[in-house]
Amino acid sequence: MKMKANEVRKLSAAELDAKLVELKKDLFNLRLQHATNQLENPIRIAEVKKDIARVKTILREQQGR
């Protein structure tokens with residue numbers, strides 16, 4: 001599930017924090033699966049990393065206001 005930046009902007013700061021924690025857990029699990037050769041789609045790791053970057057960017061933008 002790739003998130004769009006405009007979808008992320010609609011979330012509140014608390015929702016963004018929760019989403020960030022969820023994405024980091026997903027990334028950890030994907031890396032674990034990759035290390036044990038159980039990962040079916042390695043591109044998913046890059047997608048989750050980009051989603052984390054999107055959420056962090058929006059959080060930073062909101063803090064600047």
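Here the structure is a predicted model, which is why all the values come from computation and not from measurement.
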Side chain to side chain contact (heavy atoms under 4.5 Å, CB included) filter on K10, not counting sequence neighbours, yields none

Residues forming a side chain to side chain contact (heavy atoms under 4.5 Å, CB included) with K50, sequence neighbours excluded
R54

Starting at CG of N29, measure out to NZ of K24 and round the result to the nearest 0.5 Å.
14.5 Å

Residue list, side chain to side chain contact (heavy atoms under 4.5 Å, CB included) with T36, at least two apart or on another chain:
Q38

Rounded to the nearest 0.5 Å, what separates atom CG in L27 from atom CG in L23?
8.5 Å

Could I get the full list of side chain to side chain contact (heavy atoms under 4.5 Å, CB included) partners for I58, not counting sequence neighbours?
V8, R9, L16, E61, Q62

Under 4.5 Å between any side-chain heavy atoms of I52 and V48, yes or no?
yes

Determine whether D51 and D26 make a side-chain contact, defined as any pair of heavy atoms from C-beta on separated by less than 4.5 Å.
no

Distance check, rounded to the nearest 0.5 Å: L30 atom CG versus N41 atom CG?
9.0 Å

Candidate pair I45 and L39, rule side chain to side chain contact (heavy atoms under 4.5 Å, CB included), full reasoning:
CA-CA 10 Å; I45 292 175; L39 186 60; 3.6 Å; yes

Could you walk me through whether E47 and R44 pass the salt bridge (Lys or Arg N to Asp or Glu O under 4.0 Å) check?
CA-CA 5 Å; E47 290 173 352; R44 181 81 179 109; 3.7 Å; yes

